[in-house]
Amino acid sequence: MATTSATSSGNLDVNGIVNQLMTVERQPIAKLNTREASYQAKVSAYGSVKGALAGFQTALQGLNSVSKYQSLTATPSDTTVFSASATSSAVAGTYSLDVTSLAQAQKLVAAGQTSSTAAIGSGAATTVTFDFGTISGGAFNAGTGKYTGASYLSNGSGTKSITIDSSNNSLQGISNAINAAQLGVTATVVNDGSGTPYRLALSSSNNGVSNSLKISVSGDAAISSLLAHDPANNAGQSLAETVTAQNANFKVNGVTVTKTSNTVSDVIPGVTLNLNKVTTSAATLTVARDSAAVSGSISSFVKAYNDLNTMLKAVSSYDAANKRGAILQGDSTVRALQSQLRSMLSTPVTGTTGAVTSLSNIGVSFQKDGTLALDQAKLDKVIASNFSDIAGLFTSVGKASDSLVAYSSATSATKPGSYAVNVSSLATQGSATGDLNLNAPPYTIANGTSINVTVDGITASVALTAGATYSAAQLASMIQSAINGTSAFSSVGASVAATITPSGFMSITSSRYGSASNVSLTSSAGTPVSAFMGTITSGTAGTDVAGTINGVSATGSGQRLVSGAGDSTGLGLTISGGTTGARGTVNYSQGYASSLDKWATSILASDGILANRTSGLDKTIKDIGNRRTELETRLVAVEKRYRTQFTSLDTMLSSMNQTSTYLTQQLARL
Amino acid sequence: MSASQVISNYESLSAITTRMRDAAVHGEWDTLADLEQQCSRHVATMKPADAATTLDETSRQRKIQLIKKILADDAEIRNHTEAWMGQLQRIMQSNRQEQRLHQAYGA
């Protein structure tokens with residue numbers, strides 16, 4: 001409050017008296033300020049608690065993953081032969097590995113040209129289409145790089161095309177166009193030093209015999225004679241093969257394995273191998289439990305708890321060193337948090353089938369001071385004996401008794417427990433099967449044939465590769481390749497498998513399961529769909545899995561079955577096959593990291609215990625602010641009144657002095 | 001100006017200071033200040049007559065009596081004013097004690 005200056009006649013120190021009086025009047029405000037500061041300190045302390053809880057939750061989220069507790073190491077005996085990594089699904093053990101050949105990619109080279117930049121052909125728009133597949137049979141002449149009497153079968157992964165016209169019809173232009181289109185082929189222009197030195201070299205990006213190239217050219221004759229390449233056509237091989245595609249051949253524990261890539265992840269479960277070298281004697285792969293990683297995760301859990309506990313203690317206990325209470329000493333909210341934490345950590349995990357159900361089982365126990373400590377020796381014993389059960393102590397785990405039933409998800413509503421699974425019908429894929437017997441080849445697809453195909457509700461125009469000598473299998477392979485190579489499908493992950501049924505009918509099946517899966521075909525240009533499908537062009541949609549979880553009807557979507565009611569609400573399972581009827585049980589458990597994470601979420605929520613507590617304090621602080629404003633307003637009036645009174649008194653006394661002096665003089669004269 | 005008028009002026013002045021004394025006794029500080037203003041205006045108007053008028057003995061004695069009465073009122077007014085100031089002093093002292101207590105033991 002501003003203090004205005006008042007003139008004084010010297011009889012009274014008006015300013016001094018008013019100021020001192022106002023100090024008296026301000027006492028309630030000073031008290032309010034002190035109370036406000038103490039509430040603000042509490043709000044700030046709750047902020048610290050909130051921060052510590054959020055930090056704890058972040059640490060928990062990092063630990064709430066099954067793989068953290070099931071880490072395995074994959075160690076090669078000779079790292080020059082192969083490298084390896086293991087996921088949590090790997091099985092500890094020793095594997096012998098013999099590599100007899102490494103996978104390699106096919107390399108082709110075109111005839112030499114005098115210039116890398118001169119135009120080739122007329123510049124008319126020309127389509128160059130690349131397909132990948134397997135060359136088999138016949139004879140290969142290493143001198144010419146050409147096959148005689150071989151056959152070629154597309155691998156069905158899809159064809160890809162580029163267009164060559166007057167803008168890019170040089171050797172360098174073609175090379176650039178191929179690389180820019182990212183077809184799975186790498187092109188370079190090499191100079192061999194001969195009279196026609198510039199040669200276009202092509203290399204398949206993928207290793208393995210099923211990735212050999214077939215190139216079709218439609219348009220300019222000069223481009224066609226340079227690039228058109230059909231390994232099955234003795235005269236139609238413009239390119240020379242310099243390196244033949246080869247598969248990786250190796251033995252795992254004596255079992256022969258052939259793969260198109262040197263990176264192999266589906267031979268030893270949970271292990272990815274990277275083959276580097278052919279072996280002369282068997283190498284060894286050792287897959288072992290990564291006890292250091294598991295111990296590390298558990299230590300992190302213990303530390304996260306101890307850090308939070310330290311923080312809660314700091315804001316709520318008596319500070320013996322400084323002989324004063326902490327801001328939240330005896331606070332019921334903080335005490336509730338502490339006791340909830342302790343109680344959660346002392347309660348065994350339910351729903352798990354394993355022998356490990358409590359922290360003390362793995363050597364983690366409370367100390368006298370309330371912190372957690374880890375007994376490494378005890379943990380090491382559990383890692384050796386019950387390795388796969390440790391994850392369930394910390395994370396959300398679902399274990400199905402049926403190998404074709406897999407736990408996929410749970411929500412915060414899912415309660416731990418053992419739930420029976422019953423499948424009433426399995427998911428199926430949408431498919432279209434023709435009624436035209438294709439056992440009388442050859443079949444012809446006319447030039448410019450395209451059909452409209454719908455896969456899983458997406459419709460796109462698909463160009464078919466023209467040909468007059470298709471067998472039923474080649475027709476299926478070509479159609480599959482054409483559909484899967486259409487970006488409208490591949491960009492959303494939709495794909496089909498085209499096969500010939502035992503009855504000789506064309507069957508096209510979507511890779512997707514469920515009611516959204518479907519396949520249908522309609523004629524558009526060239527050869528009609530009826531030429532290979534017969535009268536059936538629209539297929540049957542797939543069906544969703546149906547059944548019950550915990551005895552209550554569950555919702556099916558494709559192969560996923562999700563419980564919608566009861567304790568198992570939100571439990572999602574993938575039923576990948578098997579029979580209908582009872583399919584065993586799924587044990588769902590929530591480990592400590594999982595349940596504490598949920599707990600922290602509820603505490604930190606906008607309607608949680610901390611928010612309620614601080615919003616109460618915030619309201620009190622606001623009330624104090626309002627009261628202070630009222631008092632300040634009143635004090636302005638009080639000060640004004642005092643000041644007026646003092647000033648008039650001061651003036652009065654001065655005037656009275658003059659009067660009394662005059663009267664005294666008059667008296668003296670009488 | 002006649003002697004009776006001079007005495008009448010002093011009687012009026014005495015009447016005002018009596019009322020001033022009563023106001024001071026009752027702590028009516030605003031009234032006191034208003035009366036004091038009347039008082040000083042009255043003194044200012046009667047000053048010329050005071051100097052120019054010769055009084056007979058009866059009037060002189062009456063004037064002495066009246067001035068003494070007015071000065072006695074004046075003294076009593078000051079007594080009350082000082083008492084009030086003393087009271088203020090005590091309020092402030094007790095407040096300072098309260099502040100010291102407050103500082104020692106907090107809210």
Side-chain angles (χ1 to χ4, degrees), chain A residues 8-9 11-14 16-42 324-325 327 620 624 638 640-670, chain B residues 6 10 13-14 16-17 20 23-24 27 29-44 46-47 50-51 55 57 59-75 77-78 81-82 84-85 88-89 91-96 98-99 102-103 105-107:
Chain A
S8 169
S9 64
N11 292 301
L12 273 172
D13 175 8
V14 176
I17 291 174
V18 169
N19 285 344
Q20 289 185 68
L21 267 172
M22 290 319 289
T23 308
V24 180
E25 298 283 351
R26 279 211 184 85
Q27 276 297 293
I29 290 183
K31 279 182 185 163
L32 284 180
N33 287 344
T34 311
R35 271 176 62 204
E36 182 183 48
S38 89
Y39 287 128
Q40 276 166 343
K42 282 188 180 180
R324 58 177 196 156
I327 295 158
T620 309
I624 288 174
V638 167
K640 201 179 164 196
R641 184 165 56 79
Y642 276 129
R643 196 169 287 280
T644 308
Q645 215 166 58
F646 275 114
T647 308
S648 71
L649 179 72
D650 186 45
T651 313
M652 182 203 77
L653 283 176
S654 168
S655 178
M656 274 176 74
N657 280 350
Q658 287 172 20
T659 304
S660 67
T661 304
Y662 173 73
L663 290 174
T664 309
Q665 283 167 358
Q666 291 303 308
L667 193 61
R669 278 187 203 156
L670 288 169
Chain B
V6 170
Y10 274 94
L13 187 61
S14 174
I16 295 172
T17 57
M20 282 172 70
W29 309 112
D30 292 342
T31 311
L32 176 62
D34 288 346
L35 289 169
E36 199 282 327
Q37 279 179 17
Q38 278 186 41
C39 174
S40 56
R41 277 198 302 275
H42 193 80
V43 171
M46 67 187 238
K47 268 182 183 174
D50 234 11
L55 300 176
E57 185 53 24
S59 297
R60 199 177 68 88
Q61 287 303 327
R62 178 65 182 147
K63 187 177 173 182
I64 289 170
Q65 194 188 9
L66 281 169
I67 290 176
K68 283 185 173 169
K69 165 77 169 59
I70 292 165
L71 288 175
D73 284 342
D74 181 274
I77 291 163
R78 285 173 197 277
T81 310
E82 275 159 24
W84 182 47
M85 286 169 70
L88 284 173
Q89 203 70 29
I91 291 170
M92 287 181 286
Q93 270 172 351
S94 74
N95 178 49
R96 273 196 290 275
E98 208 175 306
Q99 271 186 315
H102 182 72
Q103 278 159 3
Y105 297 102

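These numbers come from a predicted model, not from an experiment. Chain identifiers are assigned alphabetically (A, B, ...) following the order of the sequence lines, protein sequences preceding nucleic acid strands; residue numbering begins at 1 within each chain.
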task: Would you kindly say whether B:Q61 and B:Q65 are connected by a side-chain donor-acceptor distance under 3.5 Å?
output: no
Structural part of B:I67 lying under 4.5 Å from a heavy atom of chain A: side chain
message: Just verifying a value: how many Å separate B:Y10 OH and B:R62 CZ, rounded to the nearest 0.5 Å?
response: 13.0 Å
task: Can you tell which part of B:L13 gets under 4.5 Å to a heavy atom of chain A, answering side chain, backbone, both or neither?
output: side chain
Gap between atom SG of B:C39 and atom CD1 of B:I70 - 0.5 Å precision: 7.5 Å
task: Before giving the answer on side chain to side chain contact (heavy atoms under 4.5 Å, CB included), spell out for A:R35 and A:L32 the whole-Å C-alpha distance, their side-chain angles and the decisive distance to 0.1 Å.
output: CA-CA 5 Å; A:R35 271 176 62 204; A:L32 284 180; 3.9 Å; yes
- prompt: So which part of B:D30 gets closer than 4.5 Å to some heavy atom of chain A, the side chain, the backbone, both or neither?
  reply: side chain
field: Selection from B:R60, B:E36, B:M20, B:K68 maximising heavy-atom pairs under 4.5 Å formed with chain A
entry: B:E36
Residue A:S660 versus chain B: region with a heavy atom under 4.5 Å: both
OG1-CE distance between B:T81 and A:M652, expressed to the nearest 0.5 angstrom: 4.5 Å
